[in-house]
Amino acid sequence: MVHLGTGNMKFQWKWFTFDQLSTQTLYTILTLRQQVFVVEQKCAYLDCDNLDPRSWHLAGYHQNKLLAYCRVVYPDEMYSYPTIGRLLTHSTIRGKGIGRLLAKEALAHISRTYPETDPRISAQLYLVKFYQSLGFKISSGGYDEDGIPHIEMTHDHNQAQRL
């Protein structure tokens with residue numbers, strides 16, 4: 001558990017394996033993921049993709065309310081490297097730097113847990129500059145994922161230590 005100040009917002013970050021997630025916590029996470037990726041982005045896709053049981057889950061709470069989330073898929077489950085996915089913030093806190101803190105916490109966790117690997121992310125194309133500001137570099141051509149333009153980006157594992 002880490003408390004980070006963001007202006008007048010205090011965030012508590014909690015890491016979970018899938019088995020550590022309570023039913024209520026999992027339900028809250030899935031609800032927020034659907035709210036952001038299905039409803040807000042108007043994208044019908046199968047969110048439960050069988051990767052959650054093989055991932056770390058990072059939940060960000062403010063006043064005991066889940067407002068930020070991402071998962072880190074273990075290496076060798078999807079690819080040979082860890083993959084950051086489902087990175088999101090609740091619509092009420094966007095633009096306040098919480099997404100940056102969330103991504104930095106995920107990168108720090110990967111650096112500690114998998115120190116010799118370079119994590120990757122399948123980024124929505126409009127977020128390329130955001131991820132580049134965190135040290136990610138474009139590592140593929142663009143592609144369509146569920147009707148949304150994406151691009152693969154790779155992060156130098158040593159970069160996380162410099163952020």
Side-chain angles (χ1 to χ4, degrees), residues 11 13 15-18 21 26-60 66-163:
F11 260 75
W13 302 105
W15 281 101
F16 302 93
T17 64
F18 187 76
L21 291 169
L26 178 60
Y27 184 82
T28 303
I29 287 169
L30 293 175
T31 299
L32 183 57
R33 286 180 7 186
Q34 290 175 34
Q35 181 180 347
V36 172
F37 296 121
V38 177
V39 177
E40 287 180 25
Q41 295 184 356
K42 297 175 179 61
C43 181
Y45 78 107
L46 185 59
D47 181 43
C48 292
D49 58 3
N50 294 313
L51 292 172
D52 289 319
R54 302 183 314 252
S55 301
W56 289 99
H57 300 268
L58 174 58
L66 178 68
L67 295 177
Y69 169 83
C70 74
R71 73 178 181 190
V72 175
V73 180
Y74 305 145
D76 299 320
E77 292 297 336
M78 190 169 157
Y79 303 108
S80 61
Y81 44 82
T83 305
I84 300 171
R86 305 294 198 261
L87 193 141
L88 62 86
T89 57
H90 192 279
S91 61
T92 59
I93 61 161
R94 290 194 194 125
K96 298 183 186 310
I98 308 303
R100 177 170 301 286
L101 294 175
L102 176 68
K104 284 182 176 184
E105 177 62 25
L107 289 168
H109 176 79
I110 291 169
S111 182
R112 289 187 305 268
T113 310
Y114 311 107
E116 298 304 316
T117 60
D118 293 331
R120 297 191 189 176
I121 191 165
S122 177
Q124 292 184 7
L125 199 55
Y126 82 96
L127 291 169
V128 165
K129 288 186 192 304
F130 169 75
Y131 289 116
Q132 285 174 327
S133 75
L134 291 164
F136 282 90
K137 296 188 180 0
I138 294 171
S139 55
S140 78
Y143 55 93
D144 181 277
E145 188 173 313
D146 300 314
I148 298 173
H150 279 71
I151 196 154
E152 185 174 288
M153 301 183 81
T154 304
H155 192 275
D156 177 352
H157 71 274
N158 293 314
Q159 183 73 17
Q161 297 167 355
R162 295 188 293 266
L163 290 175

**Prompt:** Using the ring of each side chain (for Trp, its six-membered ring), is Y74 parallel, tilted or perpendicular to W56, with breaks at 30° and 60°?
**Reply:** perpendicular
**Request:** Have a look at F136 and tell me which of T154, L107, I151 forms a side-chain contact (heavy atoms from CB on, under 4.5 Å) with it.
**Result:** L107
**Asked** Does CG in D144 sit with more than 12 non-hydrogen atoms of other residues, nucleotides or ligands closer than 6.0 Å?
**Response** yes
**Prompt:** More than 12 non-hydrogen atoms from neighbouring residues, nucleotides or ligands closer than 6.0 Å to OH on Y45, yes or no?
**Reply:**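 Atom OH in Y45 is crowded, with more than 12 foreign heavy atoms closer than 6.0 Å.
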Nearest-0.5 Å distance, [atom1] of residue [X] to [atom2] of residue [Y]:
X    : Y    : atom1 : atom2 : result
K104 : S111 : NZ    : OG    : 14.0 Å
R86  : C70  : CZ    : SG    : 12.0 Å
T117 : I110 : OG1   : CD1   : 7.0 Å
L87  : L58  : CG    : CG    : 8.5 Å
W15  : R112 : CH2   : CZ    : 7.5 Å

Side-chain touch [X]/[Y], heavy atoms, less than 4.5 angstrom:
X    : Y    : answer
Q132 : M153 : yes
P75  : S80  : no
I98  : L67  : no
H155 : D118 : no

Treating [X] as the side-chain partner and [Y] as the backbone partner, does any N or O pair qualify as donor plus acceptor under 3.5 Å?
X    : Y    : value
R94  : T89  : yes
H57  : D52  : yes
T31  : Y27  : yes
S139 : E152 : yes

**Item:** Non-hydrogen atoms of Y143 and G141 that approach each other most closely
**Value:** CD2-O, 3.4 Å
